[in-house]
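A short write-up of the structure that comes next.
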Amino acid sequence: MSNDLLKSIISDIEKKIDTIDSTPWVENVGEVFYLWDWIAKVSGLTNVSYNELVEFDSGWVWVALNLEDHYVWVVVLSGFNKIKEWEKVKAAWKTLEVPVWNWLIGRVVDALWNPLDGLWEVSSTEKYPIERVATWVMARKSVHEPMETGIKAIDALVPIGRGQRELIIWDRQTGKTQVAIDTILNQKGSGVKCIYVAIWQKEWKVARVVEELRKRWAMDYTIVVSAWASDPASMQYLAPYAWCAMWEYFMFNWQHALIIYDDLSKQANAYREMSLLLRRPPGREAYPWDVFYLHSRLLERASKLNDQLGAWSLTALPIIETQWWDVSAYVPTNVISITDGQIFLESDLFNSGQKPAINVWLSVSRVWWAAQIKAMKKVSGTLKLDLAQFRELAAFSQFASDLDAFTRSQLERGKRMMELLKQWVFEPVSVPKQVCSIYAWAKWFLDELEVNQIKKFESDLYLSLDEEKTILETVRDKKELTEEAETKLKDLLWKLLDLLKNNNH
């Protein structure tokens, strides 16, 4: 072998040696030494961080939530029955992310994107983290666009704006879920994408909601997420965060989005269960100290972006269930302080047949008229005050034997307004039609009718407005009731009154 060839071989060997990375790869590996109720205690994970994923040899993934000196507590998301003690665990060096894409619309899935509707598996190359810092203040603008619910008592008296956080609260069986579902139905054709997150709900209830949405073609713009009552507490805790990421995906991809959390009191209960199993010290009502942060970091992600970012919005309608009207409990007071307004549903109103059972005297929206069109402001300006006076007079009249004529007229007007605020389920009313019906009350047209004739008159009014489309088109396009449209509406109302009177005779 010649010297030149030998030198060439030695040079190649030296170059390869120089390019070898001799830095050792160190894996953060531990072992499971305790398993109990979807919780694992792991030793040896020295460099894991809060909310970081950990992977097991069996392939399952968990989340680290408690970091202590000598061990880490991790929470199971799936595959608890497949994990064994002394199994190897290693850090994944990433936080939990979920796939996001538009093709999820129309699907029913769980918190980890597993399909519950029997269709194909969900997969996407684009992912969003479930935990994200809320949009900072300078990237936002004030809420000024209405998020129309199709419910007269809300759109007229407690208006919701796009980008707002409006709480729906009261005891069980008062129609809270129905208000949320009607709001979803009313978004048809508006371009708003909807997500309904069911937490700790029974399977039959979620199936019924999905069926009603399908029958009314609302699944064309809706995603339903379910963390059933039979699911572990970790899934019920995770579901709102996971789908808030999908919600943000819509906003950052130039769309308006609405998300409904049904309900966050169940998520707080699941978080309390997890915290007690993680040996965290309990506080008031056995909730951990950070239960306020549990909901604040979720709801503060609702926002209205400024014009430079496209002016898109995320609107949140969280639901909280109270126990025996106790709004002073820990979780209700926490969420009330986070949100921009509350819609109170009253058991007595519900039981008396006033549905939706919205207490318009206690309910409030902190954006108020900023989320209403001019036409609605015009016809409903004094409505809340009038109804408050009616409530006081109705309570007083129960103990009074003789009332003057003015008081009786106020009571009669209030009864007609309460009747007008009633709505059938799954039948949201467009805002232009609401404006026309409330106008009829405000201008004394309904005073000539009996209370039991109000719903018939309202139904005839809506049918006539569908035929005489110029009134609705004016309110929808110009956002106000012009003099010409008001004149046409008055003529229409007189005709309907005459027709109704003649039919009765």
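Each residue takes its place number in the sequence, starting with 1.
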To check you understand the geometry: which heavy-atom pair defines the closest contact between [X] and [Y], and what is its length?
X    : Y    : result
D263 : I199 : O-CD1, 3.7 Å
Q236 : A229 : NE2-O, 3.8 Å
L96  : L77  : CD2-CD1, 4.0 Å
Q187 : C194 : CG-SG, 3.8 Å
A218 : T222 : O-OG1, 2.7 Å
L104 : W101 : CG-NE1, 2.9 Å

What pairs with [X] under side chain to side chain donor-acceptor pair (under 3.5 Å), at least two apart in sequence or on another chain?
X    : answer
T95  : none
D117 : R107
E346 : N359
Y287 : N269

Assess, by modelled atom type and distance only, whether the side chains of [X] and [Y] contain a donor and an acceptor separated by less than 3.5 Å.
X    : Y    : result
Q164 : S365 : yes
N186 : T149 : no
W228 : S226 : yes

Quick check against the 3.5 Å criterion: does [X] have a side-chain atom that pairs as donor or acceptor with the backbone of [Y]?
X    : Y    : result
R297 : H295 : no
E31  : S43  : no
S352 : L349 : yes
Q434 : I438 : no
K304 : A311 : yes

Stepwise side-chain hydrogen bond (donor to acceptor under 3.5 Å, both in side chains) check, E68 with W73: CA-CA 8 Å; E68 302 189 13; W73 295 82; 3.1 Å; yes

Residues D307, K141: salt bridge by 4.0 Å N-O rule: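 Judged by the 4.0 Å cut-off on N to carboxylate O distance, D307 and K141 do form a salt bridge.
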
Side-chain ion pair, E321 and K266, N-O less than 4.0 Å: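 Counted as a salt bridge, because a side-chain N and a carboxylate O are separated by less than 4.0 Å.
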
Residues which pass salt bridge (charged side-chain N to carboxylate O under 4.0 Å, His left out) with K94, listed by chain and number, not counting sequence neighbours: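 None.
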
Set of salt bridge (charged side-chain N to carboxylate O under 4.0 Å, His left out) partners for K422, sequence neighbours left out: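 Per chain and number, K422 pairs via salt bridge (charged side-chain N to carboxylate O under 4.0 Å, His left out) with E419.
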
What is the distance from atom [atom1] of [X] to atom [atom2] of [Y], rounded to the nearest 0.5 Å?
X    : Y    : atom1 : atom2 : answer
Q173 : L345 : CD    : CG    : 12.0 Å
D477 : E480 : CG    : CD    : 11.5 Å
E211 : R216 : CD    : CZ    : 9.5 Å
W324 : R172 : CH2   : CZ    : 10.5 Å
M251 : N253 : CE    : CG    : 10.0 Å
I154 : I343 : CD1   : CD1   : 3.5 Å

[X], [atom1]: over 12 other non-hydrogen atoms inside 6.0 angstrom:
X    : atom1 : result
K202 : NZ    : no
Y293 : OH    : no
W217 : CH2   : no
R132 : CZ    : yes

Residue pair E148, S190: steps toward the side chain to side chain contact (heavy atoms under 4.5 Å, CB included) verdict: CA-CA 10 Å; E148 297 167 353; S190 66; over 6 Å; no

Steps toward side chain to side chain contact (heavy atoms under 4.5 Å, CB included) verdict (L67, L45): CA-CA 9 Å; L67 311 178; L45 290 178; over 6 Å; no

Heavy atoms, side chains only, cut-off 4.5 Å: are [X] and [Y] in contact?
X    : Y    : result
V335 : I169 : no
Y261 : Q267 : no
W325 : D171 : yes
V76  : I83  : no

Partner of M147 under side-chain contact (heavy atoms from CB on, under 4.5 Å), chosen from R162, E166, H256: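 Among the candidates, only R162 passes.
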
L116: which of V224, V108, V206 passes side-chain contact (heavy atoms from CB on, under 4.5 Å):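 Single side-chain contact (heavy atoms from CB on, under 4.5 Å) partner of L116 among V224, V108, V206: V108.
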
Suppose we screen for ring pair (Phe, Tyr, Trp, His ring centres under 6.0 Å). Which residues come up paired with [X], at least two apart in sequence or across chains?
X    : result
F292 : none
Y237 : Y241, Y271
W200 : none

Residue pairs, two or more places apart or on separate chains, that pass ring pair (Phe, Tyr, Trp, His ring centres under 6.0 Å) and touch residues 106-146: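 Non-adjacent pairs meeting ring pair (Phe, Tyr, Trp, His ring centres under 6.0 Å): W113-W243, Y128-Y249.
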
Residue pairs fulfilling ring pair (Phe, Tyr, Trp, His ring centres under 6.0 Å) with at least one residue in residues 331-367, sequence neighbours excluded: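 Passing the test, one end in residues 331-367: W170-F344.
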
CA sep, side-chain torsions, deciding dist, call: V54, V42, side chain to side chain contact (heavy atoms under 4.5 Å, CB included): CA-CA 10 Å; V54 295; V42 179; over 6 Å; no

Of all pairs that satisfy salt bridge (Lys or Arg N to Asp or Glu O under 4.0 Å), the ones with a partner from residues 182-198, not counting sequence neighbours: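 Passing the test, one end in residues 182-198: no pairs.
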
Q372/V431 under side chain to side chain contact (heavy atoms under 4.5 Å, CB included): CA gap, chis, key distance, verdict: CA-CA 10 Å; Q372 278 185 329; V431 167; over 6 Å; no

